[in-house]
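Below is one structure, written out as structure tokens; the observations come after it.
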Amino acid sequence: MKLRKFLYLFLALWLTFPCIVIIVWMMDYNLLIGATGTAFLIQRILNCIAAISGVTLAFLHYRETEKKLKNKIMLAVITVGAAFFLLCWNFICIFFDSGEEYHSFTSPDGMHTIVIMENVSLISGRVLLYERINPFLIYPKERIITDDGYRPVCAGKYSLVWRGNIVTLSVADGAGGNETISVTLEER
């Protein structure tokens with residue numbers, strides 16, 4: 001049956017995706033599609049589809065078995081287990097994906113793209129400058145520490161200066177000062 005093969009293929013992708021993300025992280029890259037498609041968001045979407053796929057496979061199996069009480073209980077256990085697993089894994093993904101804002105900027109000549117990630121905590125804020133390698137991967141270049149809870153790019157308190165493949169980012173630090181970093185981007 002083609003539907004089953006498709007569902008099993010999707011479940012294989014679902015199980016493979018975290019391994020791919022770990023390999024990407026081990027190579028010091030980060031996964032980001034657009035300015036919102038983080039690895040954790042993609043995993044949450046895959047989790048929802050995987051739960052539906054698992055329940056569908058269990059139901060297809062149930063249709064081919066006798067309609068005994070034992071089989072009905074097995075279908076209910078699989079359905080409830082898949083829903084519980086989905087909720088737990090998605091909660092973990094939401095926990096690790098919260099508090100980050102991504103902003104993408106392209107150089108005037110269109111040759112380079114940088115991504116600025118802002119993250120805040122109770123102690124400090126961080127501004128990380130990434131270079132976009134391709135539509136899926138970004139590479140960290142430099143970071144700035146700001147005052148706690150302060151997002152200078154969201155507040156509009158920043159400036160970008162492009163000189164060829166060199167970009168200079170200046171942000172307000174939230175304590176009345178400015179922090180500046182200059183990064184050389186890869187030649188294309």
Side-chain angles (χ1 to χ4, degrees), residues 3-63 70-104 113-141 143-155 171 174:
L3 177 61
R4 280 188 189 198
K5 287 181 183 178
F6 176 75
L7 294 174
Y8 281 124
L9 184 65
F10 177 80
L11 289 176
L13 168 69
W14 171 66
L15 291 172
T16 306
F17 184 74
C19 300
I20 293 169
V21 170
I22 289 171
I23 291 169
V24 166
W25 287 343
M26 289 174 59
M27 296 171 55
D28 288 333
Y29 290 93
N30 226 344
L31 181 68
L32 181 68
I33 300 172
T36 56
T38 64
F40 294 110
L41 175 66
I42 295 167
Q43 185 65 56
R44 288 193 328 243
I45 293 167
L46 291 175
N47 288 348
C48 293
I49 298 170
I52 293 167
S53 298
V55 169
T56 302
L57 284 169
F59 182 73
L60 289 173
H61 177 71
Y62 171 75
R63 281 187 13 185
K70 176 182 113 178
N71 291 335
K72 290 178 183 179
I73 292 173
M74 185 65 87
L75 178 63
V77 167
I78 290 172
T79 303
V80 170
F84 179 75
F85 184 70
L86 165 77
L87 288 174
C88 291
W89 198 348
N90 278 355
F91 178 75
I92 291 169
C93 288
I94 289 170
F95 177 76
F96 283 113
D97 197 29
S98 62
E100 296 177 350
E101 297 245 357
Y102 292 89
H103 311 277
S104 185
T113 301
I114 62 167
V115 175
I116 298 174
M117 187 271 291
E118 295 180 292
N119 190 2
V120 295
S121 68
L122 295 174
I123 300 170
S124 69
R126 287 187 314 163
V127 176
L128 277 85
L129 189 137
Y130 292 92
E131 179 178 8
R132 182 161 293 281
I133 304 301
N134 59 41
F136 306 105
L137 296 177
I138 56 177
Y139 185 75
K141 290 296 208 173
R143 79 180 66 222
I144 298 172
I145 303 299
T146 63
D147 197 21
D148 61 323
Y150 188 64
R151 296 177 190 254
V153 178
C154 287
V171 298

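Along the sequence shown, the residues carry numbers beginning at 1. The figures that follow rest on heavy atoms only: side chains count, while hydrogens, waters and symmetry mates do not.
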Side chains of residues 52-59: which donor-acceptor pairs under 3.5 Å do they make with residues two or more places apart or in other chains?
residue, atom, partner, partner atom, Å
Ser53, OG, Ile49, O, 2.9
Thr56, OG1, Ile52, O, 2.7

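Distance check, rounded to the nearest 0.5 Å: OG1 of Thr38 to CZ of Arg44 gives 6.5 Å. Here the straight-line distance linking atom OH of Tyr139 with atom CG of Leu129 works out to 12.5 Å at 0.5 Å rounding. Rounding to the nearest 0.5 angstrom, the gap separating the CG atom in Leu11 from the OG1 atom in Thr16 is 10.5 Å. Atom-to-atom distance recorded for Glu101:CD and Met117:CE is 11.0 Å, nearest 0.5 angstrom. We find the CG-CG distance between Leu46 and Leu41 to be 9.5 Å, quoted to the nearest 0.5 Å. Distance check: Tyr130 OH to Asn30 CG gives 4.5 Å after rounding to the nearest 0.5 Å.
In this structure, Leu86 and Cys48 approach most closely via the heavy-atom pair CD1-N, 3.4 Å. Taking all atoms of both residues into account, the shortest heavy-atom contact from Ala51 to Ala82 is CB-O, 4.3 Å. Pairing each heavy atom of Ile42 with each of Gly37, the nearest pair is CD1-O, 3.8 Å. Closest approach of Leu60 and Arg4 over heavy atoms only: O-NH2, 3.2 Å.
Side-chain contact between Trp25 and Val21 is present, with heavy atoms from C-beta onward closer than 4.5 Å. Put simply, the side chain of Arg126 reaches to within 4.5 Å of the side chain of Ile145, judged on heavy atoms. Put simply, the side chain of Leu31 reaches to within 4.5 Å of the side chain of Phe136, judged on heavy atoms.
Arg132 places a side-chain N or O within 3.5 Å of a backbone atom of Gly34 that can act as its donor or acceptor partner. Side-chain N or O atoms of Glu118 include one that pairs as donor or acceptor with a backbone N or O of Cys154 at under 3.5 Å.
Residues forming a ring pair (Phe, Tyr, Trp, His ring centres under 6.0 Å) with Phe10 (at least two apart in sequence, or on another chain): none. Trp14 pairs by the side chain to side chain donor-acceptor pair (under 3.5 Å) definition with Asn47, not counting sequence neighbours.
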